[in-house]
Amino acid sequence: MAQIIRGKELAALCKQQVAERVKALEERGVKPCLAVVLVGENPASKVYVAGKEKDCAECGILSRVLRMPETTTQEELLDTVKALNKDETVHGILVQLPLPEHLSAQPIIETIAPEKDVDGFTPINTGLVSLGDARAFYPCTPSGCMKMLYSVCPDLAGKRAVVLGRSNIVGKPMASLLLAADCTVTMCHSKTKDLAQICRNADILVAAIGKAKFVTKEFVGKDAIVIDVGMNRDENGKLCGDVDFDSVEPAVYAITPVPGGVGLMTRAVLMENTVKAAENACKTLA
Ligand code: GUN
């Protein structure tokens, strides 16, 4: 029986610590504020944004959701981001992805002021993360995964970590954070040969490929810690991860569930990044 790394308890602890930092800022007259830009009517995005509003309320962070119509132009969205960059009462900016098809996300992301980029998606933050520089806003999902790993393995030095998936948002920054923690990191992707064999040798396996139940017991060793970043629907429409939990769980040391795992930690790290942005702004003013 594996140890189940539950997102709920870890996220609650993380948000409690954020709430304390928010209080300390309030005593100095600063109210941390996260601006979320939501363009269009994507149902999943609406659910995610509602979750972020709830987390903000729990931590004492102000949330300002800017809802823009599906017909919003690239220029209008750019102007909105630029106005938020200038607004000193806003500490964090998040443009909810995906954007409607007629808009390009990259120029929008690149317009967000790096000091307000609580998603950690701008090129400046991406660069700082790969340099292992603590000034960076770490992207929320990889940062949440690291907290989950540390909860069951406080010393990661020398561990063999395998990252499945090379996305800019999860796989690549995940590899950087594991490397900064002195892991020996292997990145695997759709063209990797002997995938199951490489994964079987991992002490830490992070699955972030977006394929329902792709990782089966043939991919894991008995002492492995498995972090499942996937958020998919199975053949019955039920939420599931990239890992086939029922087959893998009895075969490993520790594993995150889906739902109730990485997703909750991702949201908690967004709160942490927002309070960090507000603290930084406070220091700049002092
Ligand atoms: N859409 C789904 N997850 C995320 C996220 O973490 N950040 C942003 N900006 N959009 C998302």
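Heads up: numbering here begins at 1 and tracks the sequence. Counting starts at 1 for both ligands and their atoms, following the listed order. Treat the numbers as computed from the prediction; the structure is a model and nothing was measured.
Counting atoms of ligand 1 from 1 in the listed order, those under 4.0 Å from a heavy atom of L94 are 9 (N).
The shortest contact between atom 6 (O) of ligand 1 and any protein heavy atom is with D119 OD1, 3.7 Å. Protein heavy atom in closest approach to atom 1 (N) of ligand 1: L97 O, 2.8 Å.
Comment: D203 engages R160 in a salt bridge, judged by a side-chain N to carboxylate O separation of less than 4.0 angstrom.
Residue I124 qualifies as open at atom CD1: its count of foreign heavy atoms under 6.0 Å is 12 or below.
Using modelled atom types and a 3.5 Å distance limit, the side chains of Q96 and K52 yield a donor-acceptor pair.
For the pair Q96 and ligand 1, the shortest N or O to N or O distance falls below 3.5 Å. At under 3.5 Å, a nitrogen or oxygen of V95, whether backbone or side chain, sits near a nitrogen or oxygen of ligand 1.
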Original post:
How far apart are the C-alpha atoms of K147 and E272, what are their side-chain angles, what is the distance that settles it, and do they pass the salt bridge (Lys or Arg N to Asp or Glu O under 4.0 Å) test?
Top reply: CA-CA 12 Å; K147 288 178 193 293; E272 198 176 83; 3.0 Å; yes
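Remark: aromatic rings of F219 and F214 are close, center separation under 6.0 Å.
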